[in-house]
**Student:** 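This structure is in structure tokens; I'll ask about it shortly.
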2 protein chains.
Amino acid sequence: MPAEEERRGKSAKQEKAQVSLWERIERPAPPPRATLSAHRIAAVAVAIADAEGIDAVTMRRLATELGVAPMATYRHVSGKGELLELMVDFVYGELALPDPAVGWRDAMRTLAERTRAMLLDHPWMSRGDVLALTPNQLALTESGLAVLDGLGLDTDTMMAVFRTVAAYVHGSVTAEINLLRLMQDQGWSNGDETRAGLASRMTWLMDTGRYPAYRRYAGEATRKDDREWQFGVGLDCVLDGIAARMGI
Amino acid sequence: MPAEEERRGKSAKQEKAQVSLWERIERPAPPPRATLSAHRIAAVAVAIADAEGIDAVTMRRLATELGVAPMATYRHVSGKGELLELMVDFVYGELALPDPAVGWRDAMRTLAERTRAMLLDHPWMSRGDVLALTPNQLALTESGLAVLDGLGLDTDTMMAVFRTVAAYVHGSVTAEINLLRLMQDQGWSNGDETRAGLASRMTWLMDTGRYPAYRRYAGEATRKDDREWQFGVGLDCVLDGIAARMGI
DNA sequence: TCTGGCTGGATACAACGTACACAGCGACGT
DNA sequence: ACGTCGCTGTGTACGTTGTATCCAGCCAGA
């Protein structure tokens with residue numbers, strides 16, 4: 001590329017003519033301009049949120065991590081709301097969608113389990129006040145509808161079924177994450193430590209005598225820490241109910 | 001300031017004796033001390049959140065509304081986290097719990113519907129990163145367990161069933177609220193206005209051709225705006241599934 | 001009558017989101 | 001070839017937020 005080299009040489013010459021030698025060599029080399037893109041912004045923001053929680057994602061911190069001035073991000077994103085939208089869509093983009101050929105029930109199940117895994121990997125997602133209208137969220141919905149296609153359901157019912165499963169998954173995993181976050185904040189690493197940490201709060205509440213059934217649960221239950229089992233039981237109920245009520 | 005240091009150690013009466021009559025009667029009467037309590041704090045904070053959204057609940061605004069200095073609230077609450085906990089528990093306290101005598105399915109259904117109504121009345125609740133360990137949240141769980149008692153389920157299963165319904169309700173209503181919030185933020189008052197507002201975003205996405213099933217839904221569905229129907233269908237599925245799988 | 005402990009007030013500060021004006025650079029019409 | 005325009009990133013600044021810290025008044029008990 002002779003033309004490009006020529007142009008560069010010329011602009012350099014022009015600068016040389018205007019700025020004194022000593023000023024030039026004193027002046028720190030202009031840092032290479034970091035190029036920004038929505039994708040890179042999203043990736044870096046997600047990395048911060050994954051590593052240190054969503055509260056660590058500030059516009060300034062993000063800019064630092066991007067190697068850029070605090071306000072630079074605003075060229076690609078109108079504000080923090082859009083940033084969150086970008087982050088959510090970015091994560092949904094990593095979700096592997098199931099093959100509808102395996103049958104609606106198995107496909108729905110893997111969809112649910114993968115969504116759960118995704119949310120557990122990025123716990124800050126469950127706070128998403130983001131509507132499901134980003135491209136990759138829509139792709140998930142599309143996949144859910146495709147899975148339910150050809151079973152004789154009308155579109156209203158297909159969407160209702162998909163939303164039912166999605167609602168269960170989100171609600172269930174959100175509860176799961178809330179507990180995990182509490183444990184992490186307090187430094188408890190398993191169910192026993194957690195119960196020990198909550199003991200004083202709990203005995204105080206139990207001693208009011210207002211929660212006999214819960215007290216029995218606390219004493220008798222043996223699967224309190226089996227989160228997979230709990231999620232699975234509920235999911236089975238939901239899928240059974242769909243199969244029964246829709247006749248599929 | 002020697003005068004100030006001198007006055008600091010003296011009782012009210014001593015001060016009265018030293019301060020001139022004119023200074024005393026000119027000086028504005030000390031405002032009557034507002035009495036604070038956790039309950040009043042929660043009630044006022046909830047009122048603000050209901051009226052203007054959770055973001056309007058700042059410590060300063062709350063203090064103003066309570067007729068108190070900004071830092072006064074901190075005597076009753078360790079920080080904003082505990083304030084939110086207080087608010088959430090306050091709202092759960094207004095939830096009417098069902099009579100278990102009507103049978104588990106009806107009781108579960110009214111529990112679900114009343115929880116939905118409560119969340120829709122206080123949309124900021126769905127962002128609760130609060131664990132279900134406050135007295136009134138525990139009372140709801142207790143009620144759910146009581147409803148399922150005596151049906152031959154072990155405690156693990158009872159809790160799993162209750163949590164399944166709760167997860168569905170929270171997930172479903174959260175989605176509902178996210179849409180309602182978008183509509184309110186944009187000033188759209190019904191489904192048609194909303195679709196009109198989203199049209200450009202949507203046609204852009206649909207024209208990618210990546211969402212054929214969703215496009216069909218958008219064209220064919222007739223119950224897109226029937227939120228009660230959507231919630232009810234899903235709830236029926238969940239309850240059916242529980243009945244079938246648990247044999248109750 | 002004194003004193004200690006609550007409760008509310010006042011001041012202060014760091015961190016946040018973001019508005020605004022500016023500067024460099026590539027592309028394009030002339 | 002050259003001026004100009006539009007992007008994109010920079011620098012500065014402002015108002016708001018949560019909350020740490022210290023003070024002052026009041027009530028209970030000695």
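For clarity, every value in this text was computed on a predicted model and none was experimentally measured. Numbers restart at 1 for each chain; the letters A, B, ... are given by sequence-line order, proteins then strands.
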**Student:** Work out which heavy atom in A112(B) is nearest to a heavy atom in V165(B); give both atom names and the distance.
**Tutor:** CB-CG1, 4.4 Å

**Student:** Does the side chain of H39(A) reach to within under 4.5 Å of the side chain of L86(A), using non-hydrogen atoms?
**Tutor:** no

**Student:** Less than 6.0 Å separating the ring centroids of F231(A) and Y168(A)?
**Tutor:** yes

**Student:** Can you confirm whether Q184(A) is buried at CD, in the sense that more than 12 heavy atoms of other residues, nucleotides or ligands lie under 6.0 Å from that atom?
**Tutor:** no

**Student:** Can you tell me which residue pairs pass the side-chain hydrogen bond (donor to acceptor under 3.5 Å, both in side chains) test with a partner in residues 132-141 of chain A, sequence neighbours excluded?
**Tutor:** D89(A)-T134(A), D89(A)-N136(A), T134(A)-Q137(A)

**Student:** Figure out the CZ/P separation between R75(A) and dT18(C), and round it to whole Å.
**Tutor:** 15 Å

**Student:** Taking protein heavy atoms under 4.0 Å as touching, what does nucleotides 14-20 of chain D look like 5' to 3' if B marks base contact, S marks sugar-phosphate-only contact and - marks none?
**Tutor:** ---BBBB

**Student:** Whole Å only: how far is the CG atom of L62(A) from the C1' atom of dC16(C)?
**Tutor:** 14 Å

**Student:** Would you tell me whether D50(B) and W124(B) have side-chain atoms, one donor and one acceptor, within less than 3.5 Å of each other?
**Tutor:** yes

**Student:** Do any side-chain nitrogens or oxygens of H76(B) fall under 4.0 Å of OP1 or OP2 in dG8(C)?
**Tutor:** yes

**Student:** With a 4.0 Å cut-off on heavy atoms, is A72(B) in touch with a base, just the backbone sugar-phosphate, or nothing at all?
**Tutor:** sugar-phosphate

